[in-house]
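Every chain is numbered from 1, with letters handed out A, B, ... down the list of sequences. Predicted, not measured: the structure shown is a model, and the values here were computed from it. Reckoned from all heavy atoms, side chains included, excluding hydrogens, waters and symmetry mates.
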Amino acid sequence: MTTRTAAAIVWLRNDLRLADNPALLAAVKSADSVTALYIHETGPVRAPGAAARWWLHHSLADLGNALAERGIPLVTASGDAPQCLADAIASTGASAVFWNRRYAPQERAVDAGIKDWLKRDGVQVVSFAANVLIEPWDIATGQGKPYSVFTPFWRALKQRDIPTPLPRPEGDRIAPTAIAADYQQPAWASKLAPYWRIGESGAREALADFLDERLEDYKLGRDFPAATVTSRLSPHLRFGEISPRQVWHAAMALAQREPGLAEAVDKFLSELSWRDFNYHQLYHRDDISTVPMQAKYAGIKWRHAPDDLKAWQTGQTGFPIVDAGMRELWETGTMHNRVRMLVASLLAKNLLIDWRLGEHWFWDCLLDADVASNPGNWQWVAGSGLDASPYFRIFNPVVQGERFDASGDYVRQWVPEIADLPDKWVHQPFAAPAEVLRQANVVLGETYPVPIVDLKTSRERALAAAKAL
DNA sequence: TCATTTTTTTC
DNA sequence: AAAAAAATG
């Protein structure tokens with residue numbers, strides 16, 4: 001139980017919201033004066049990549065205004081988390097600190113260390129569950145073990161009562177504090193802006209738009225990258241501008257109102273639950289951003305191929321749907337889910353390049369790169385994850401392009417230099433007759449790359465590498 | 001015999 | 001998931 005104090009700090013991390021924020025609510029209820037603190041941490045905790053850092057900057061600015069509406073100043077600091085927190089306690093005179101829990105091994109170590117010295121110094125510390133549907137240790141198999149297969153995890157999760165979202169705290173308006181101007185927007189950042197509305201109200205709007213307008217098509221449409229049927233919630237979830245519990249309850253309420261949408265809601269929430277499944281693994285396994293969850297995958301002989309990696313990163317592989325995805329990522333800070341699987345499969349299987357290099361690139365370029373989902377999903381594609389894509393699932397970017405982008409709309413949007421090719425060849429310019437290429441003004445090797453790898457032989461090479469394990 | 005569909009195989 | 005092999009008509 002918390003005791004009433006004069007001043008308290010709520011240390012915000014991946015929970016940049018007012019609603020359904022138990023740490024914030026508890027701080028406001030327990031103290032006369034609350035200061036919100038955000039620390040740009042140095043040290044063992046994985047810092048956001050460049051794209052996410054840009055999002056963070058704007059999200060904090062939005063949050064600072066929203067908090068001021070409730071009488072709470074937002075203070076930012078940079079450096080070692082314990083030191084920054086100690087400084088904030090000294091300057092505010094806080095006798096209590098509140099936060100919402102995080103689950104990466106490095107994060108838990110930092111938080112546990114801080115909890116120890118705060119308690120020793122007589123500062124009250126209270127932490128809460130806020131950023132997952134269920135905390136990793138609160139769900140287990142019949143044998144009491146962590147889940148390693150998604151479907152039983154999902155079945156068990158559905159049986160559970162997901163906590164109802166909490167209200168925003170009350171408070172009287174104060175003048176907003178200026179967010180420390182320690183962030184120089186990179187030149188490329190402005191190009192991302194038109195695609196997003198950053199902040200808590202933007203997140204709620206994105207959820208409402210999705211549920212109102214796109215959810216009904218989600219189950220079938222989610223695989224087609226040219227269609228805008230996905231929720232686009234991931235960067236909002238990444239920074240906790242909205243909680244998965246809010247998403248869960250909003251979708252469940254919709255299924256109640258519109259029974260015809262129940263199946264679509266179920267599919268959507270199962271995809272949302274992959275996020276929790278990855279958090280479950282993040283907590284229970286060794287560092288999932290570096291250690292293969294299936295130990296034998298540590299033995300793969302990855303190729304050292306910097307030129308191939310560069311071609312992949314820059315969308316110059318010669319496979320249109322892969323190049324489209326990599327360019328979409330660079331331009332918008334996101335990539336359609338199906339295309340993420342295709343580009344990852346090409347890297348980790350056809351190119352036989354270490355998935356960690358791909359994970360690292362995604363970490364830097366994705367607005368939504370998350371400590372659990374990003375490595376978890378990379379391991380899924382690479383085959384080293386739990387309940388992973390099996391070793392023999394090697395996506396053929398031509399077949400997948402023809403299946404999921406049959407009209408070529410997606411490819412033409414992001415790879416304009418081949419836009420004039422007819423549908424029949426737009427996913428495989430390298431196989432098009434010379435006359436077709438000429439008419440579309442495509443010169444292979446000049447206006448668009450020749451494929452950097454042969455699909456058939458590289459597929460066999462990937463199967464052999466898996467066999468060798 | 002050939003084209004199409006179905007089944008099997010692939011660490 | 002894709003490719004190869006087998007079955008079908």
Side-chain angles (χ1 to χ4, degrees), chain A residues 148-151 154 219-227 230 267 270-271 274 277-278 281 285-286 288 291-303 308 312 317-326 335-356 358-359 362 375-408 410-411 423-432 451-469:
Chain A
S148 54
V149 183
F150 174 74
T151 304
W154 162 235
K219 200 174 176 191
L220 288 174
R222 58 184 288 274
D223 270 324
F224 295 86
T230 56
K267 183 65 190 167
S270 84
E271 295 298 327
W274 272 96
F277 184 68
N278 284 321
Q281 307 313 335
R285 321 280 164 187
D286 292 334
I288 63 169
V291 182
M293 291 186 240
Q294 291 186 53
K296 65 181 174 184
Y297 273 81
I300 289 200
K301 300 281 182 287
W302 301 107
R303 288 172 65 239
D308 288 350
W312 178 82
T317 68
F319 298 104
I321 200 160
V322 171
D323 294 338
M326 299 308 290
M335 193 194 305
H336 187 278
N337 174 256
R338 168 133 309 253
V339 189
R340 293 189 196 200
M341 296 192 286
L342 303 183
V343 304
S345 173
L346 191 85
L347 187 80
K349 299 208 164 160
N350 297 95
L351 292 173
L352 208 63
I353 291 175
D354 194 333
W355 61 268
R356 295 172 195 83
E359 196 273 345
F362 270 31
N377 290 334
W378 267 96
Q379 292 217 38
W380 184 88
V381 175
S384 65
L386 293 166
D387 198 22
S389 168
Y391 69 94
F392 52 81
R393 184 177 295 173
I394 299 168
F395 291 100
N396 180 319
V398 177
V399 172
Q400 290 280 314
E402 288 170 347
R403 188 174 303 159
F404 295 110
D405 186 38
S407 59
Y410 177 74
V411 151
D423 293 359
K424 183 171 161 61
W425 303 107
V426 79
H427 289 291
Q428 46 176 343
F430 51 86
I452 61 171
V453 69
D454 178 72
L455 290 178
K456 185 174 157 69
T457 55
S458 62
R459 181 176 188 278
E460 286 160 3
R461 180 175 65 186
L463 288 171
K467 188 175 187 174
L469 290 174

Distance-only polar pair, side chains of Gln379(A) and Ser384(A), donor-acceptor under 3.5 Å: yes
Students often get this wrong, so: under 4.0 angstrom with heavy atoms, is [X] touching a base, only sugar-phosphate, or nothing?
{"X": "Tyr391(A)", "value": "base"}
{"X": "Ala468(A)", "value": "sugar-phosphate"}
{"X": "Lys456(A)", "value": "sugar-phosphate"}
{"X": "Leu463(A)", "value": "nothing"}

Covered region of DNA chain C, 5' end to 3' end, by chain A [heavy atoms, under 4.0 Å]: dA1(C) to dA4(C)
Trp312(A) and Phe362(A) aromatic ring geometry - parallel, tilted or perpendicular at 30°/60° bounds: parallel
Close N or O pairs between protein and nucleotides 3-7 of chain B (under 3.5 Å):
none

Evaluation steps, side chain to side chain contact (heavy atoms under 4.5 Å, CB included), between Tyr391(A) and Tyr297(A): CA-CA 11 Å; Tyr391(A) 69 94; Tyr297(A) 273 81; 3.7 Å; yes
Do any side-chain atoms of residues 451-458 of chain A form donor-acceptor pairs under 3.5 angstrom with protein atoms, and if so which ones, sequence neighbours left out?
| residue | atom | partner | partner atom | Å |
| --- | --- | --- | --- | --- |
| Asp454(A) | OD2 | Lys456(A) | N | 3.3 |
| Asp454(A) | OD2 | Thr457(A) | N | 2.9 |
| Asp454(A) | OD2 | Thr457(A) | OG1 | 3.0 |
| Ser458(A) | OG | Asn350(A) | ND2 | 2.9 |
| Ser458(A) | OG | Asp454(A) | O | 2.6 |
| Ser458(A) | OG | Leu455(A) | O | 3.3 |

Distance in Å, Asn396(A) CG paired with His427(A) NE2, rounded so as to fall on 0.5 Å steps: 11.5 Å
Arg340(A) side chain to Met335(A) backbone, donor-acceptor under 3.5 Å: yes
